[in-house]
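To keep things clear, I will list the structure first and then write my remarks on it.
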Amino acid sequence: MKPRTVDKIATGIIMAVAGFIILLLAGFLSYIIIRGFGHISFDFLTSPPQTFREGGGIGPQLFNSLFLLVLTMIITIPLGLGAGIYMSEYAKPGRLTDFIRLTVEVLSSFPSIVVGLFGLLVFVNVFEFGFSLFSGALALTVFNLPLMVRITEQGLRSVPREQKEASLALGISKWKTITSVMLPMAVPVILTGTILASGRVFGEAAALLFTAGMSSPRLDFTNWNPLDPTSPLNPFRPAETLAVHIWKINSEGVAPDAREIAAGASAVLVMTVLSFNLIARWLGRMVYRKFTSSR
Amino acid sequence: MQVLIDIKNLDLFYGEFQALKKVSMSIPEKAITAFIGPSGCGKSTLLRTLNRMNDMIPGTRIEGSIRVGDTDIYGSDVDVETLRKKVGMVFQQPNPFPKSIYDNVAYGPRLHGVTKKHELDEIVEKSLRSAALWDEVKDHLKRSALSISGGQQQRLCIARALAVNPDVLLMDEATSALDPISTLKIEELAQELKDRYTIVMVTHNMHQAARVSNQTVFFLNGEVIEYADTEKLFSNPTDQRTEDYISGRFG
Ligand SMILES: Nc1ncnc2c1ncn2[C@@H]1O[C@H](COP(=O)(O)OP(=O)(O)O)[C@@H](O)[C@H]1O
Ligand SMILES: [Mg+2]
């Protein structure tokens, strides 16, 4: 066969595979969204679930998912930034660095259910944080940290060496060079990566079953004292998230409209994660433009 | 002429590879010294030892001594940041920060602790004037530094280096990425700056060295072959290899 024919056939096959994957994804997404969309209403998004009767909502679960995301990011971002900066700028190549890198890789390939069981053992039992948002956030941190470290490293490495040298050559210390030249330039990459990681956290269920728990205490949305057990802001209360809720009603829901609720909740979940992705892209581009071009 | 930089028996190794061999020279104050020689002969390496930018390359080892003024810059008590403030650098590719023109020049002084707006304004204006850029940019200091031409960017980088008040300015092929007119402007600028600063420039362009420098050093394979007043080196070189190089027989 002529090389050109081979080239054409190979291109054709690749295009077909890509097209098939896109179709599959699009079909999958639209199925979930179309099936659940009709069930979404303001009431559905804000009212608490019902165990036996019709008309339950997902208000507390939605809130829990968002709150847990915020908690997780409050823990993950500083740790991930710190470790990422260390790995990319300070760690000398050698055994220790290789070992840390390997650990990070292994950690990121753990199945999330294993992370959940680890969380149950360590955070829930040993440290006695109980089934709580805090335990859940720690488990998700374990799950998310490798990604965050890699994102930070990647962001810093994307900064041209010339920029770093320009600052160092002015007698600016390494640390100040990192914080005032390199990190700002890495922000678009880090920001985009962080939001994508958030999407993963938002949709996670397995790691939360045994850490954040599968129940939500009766929440009083007028009580904003984070230390009160009925306050939604209390990080030491158990909290069922949206993803866990979907899993639960699908497997043991007894309300007559359980299927519709699961469908509606899935649509909400998918649309939220999707919008995270879109926002990440848009924000990344905007910040990049702001940092690099004229106003 | 007063000697400002004194290099004695300098060896530099990148791992196993010896990039500089027993380099010795005295660089005079408030004059332009040019390093010439074929690509890969160690010009940049030597230049970057003067502000210790080679420190960042793992596996680099140095023997011998370099004094700048009274300081042995590889001595144990030397603060690299103070050294780099005194020995500024301009790179081959213009590398302004993706910030405004003003913020580029103010960057160094700001991080070295100047906070008052009027002081910064003064430094920025003075530095931009010294770099012969003020008249071109004074009306849009807030614009991105990436929006001006390559030649202007390179003069901005010079202004940025001058803003931290150095004694020495190192220029590593600072015009090789520029068009002839911008190149000429930078050469003229160097002539003006040498009254106040000690300038060491690397150039791959012999004619540039002949045009602007007071002293010229010719390198070959990590060694200094000849070091003389520019006029002497180009009109009456002592070493046959220098003669071959400047008459274009190799390199
Ligand atoms: N970071 C480095 N690691 C190893 N070798 C290097 C490094 N930088 C430069 N060299 C080598 O050192 C020699 C001198 O390089 P350089 O000083 O850049 O030459 P010039 O500026 O005269 O072209 C070259 O042979 C180059 O390959
Ligand atoms: Mg060079």
Side-chain angles (χ1 to χ4, degrees), chain A residues 85-101 153-192 283-295, chain B residues 47-48 50-59 79-101 103-113 140 142-148 153 156-157 160-166 168-172 177:
Chain A
I85 290 172
Y86 173 78
M87 292 302 284
S88 122
E89 299 302 314
Y90 289 93
K92 299 227 156 55
R95 284 248 185 93
L96 181 66
T97 310
D98 290 347
F99 178 73
I100 297 177
R101 219 175 280 278
E153 270 193 83
Q154 211 176 20
L156 288 174
R157 283 183 209 284
S158 73
V159 176
R161 200 181 58 142
E162 290 77 19
Q163 295 287 325
K164 184 178 166 184
E165 290 198 332
S167 172
L168 292 172
L170 290 166
I172 309 298
S173 69
K174 191 166 174 177
W175 174 246
K176 280 191 189 165
T177 296
I178 292 169
T179 54
S180 47
V181 174
M182 301 181 68
L183 275 180
M185 288 185 77
V187 160
V189 175
I190 296 178
L191 196 69
T192 311
L283 210 62
R285 254 205 308 271
M286 209 183 64
V287 173
Y288 181 77
R289 226 175 281 154
K290 186 160 167 51
F291 273 123
T292 52
S293 68
S294 55
R295 293 187 283 169
Chain B
L47 198 72
R48 292 164 65 93
L50 300 180
N51 63 347
R52 291 186 58 170
M53 288 299 275
N54 286 329
D55 287 15
M56 283 182 294
I57 303 169
D79 176 42
V80 179
E81 281 141 35
T82 314
L83 169 72
R84 289 188 186 147
K85 255 163 87 173
K86 285 290 142 204
V87 183
M89 185 164 220
V90 181
F91 298 80
Q92 184 166 359
Q93 287 288 336
N95 57 354
F97 299 128
K99 303 174 190 275
S100 71
I101 294 171
D103 286 339
N104 262 277
V105 185
Y107 176 81
R110 248 188 207 136
L111 287 175
H112 286 304
H140 35 258
K142 290 254 152 59
R143 260 198 223 161
S144 164
L146 304 181
S147 68
I148 57 181
Q153 287 186 12
L156 179 64
C157 292
R160 180 176 65 186
L162 297 180
V164 298
N165 203 16
V168 182
L169 201 57
L170 310 174
M171 302 169 85
D172 191 351

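Keep in mind that what you see is a predicted model, and the values were worked out from it rather than measured. The chains referred to below are lettered A, B, ... by the order of the sequence lines, with proteins before strands, and numbering in each begins at 1.
- Looking at B:Phe97, both its backbone and its side chain come within 4.5 Å of chain A, counting heavy atoms on both sides.
- With sequence neighbours excluded, the residues satisfying side chain to side chain donor-acceptor pair (under 3.5 Å) with A:Glu153 are A:Arg101, A:Arg157.
- Using a 4.5 Å cut-off between heavy atoms, B:Arg52 does not touch chain A at all.
- Taking CD1 of B:Ile148 as the reference point, atom CZ of B:Arg143 lies at 10.0 Å (rounded to 0.5 Å).
- Between the side chain of B:Arg48 and the main chain of B:Asn54, no donor-acceptor pair closer than 3.5 Å is present.
- Listed for the B:Lys86 side chain is a donor-acceptor partner under 3.5 Å among the backbone atoms of B:Asn165.
- Taking 4.5 Å as the heavy-atom cut-off, none of the residues of residues 86-98 of chain A approach chain B.
- For B:His112 (side chain) and A:Leu170 (main-chain N/O), a donor-acceptor pair under 3.5 Å exists by modelled atom type.
- Applying the side chain to side chain donor-acceptor pair (under 3.5 Å) definition to pairs two or more places apart or across chains, those involving residues 170-182 of chain A are A:Ser167-A:Thr177, A:Ser180-B:Tyr107.
- A search for side chain to side chain donor-acceptor pair (under 3.5 Å) contacts involving B:Ser100 returns B:Asp103, not counting sequence neighbours.
- Within the model, atoms CD of B:Gln93 and CD of A:Glu162 stand 7.5 Å from one another, a figure rounded to the nearest 0.5 Å.
- Looking at B:Val87, only its backbone comes within 4.5 Å of chain A, counting heavy atoms on both sides.
- For B:Pro166, no part lies under 4.5 angstrom from a heavy atom of chain A.
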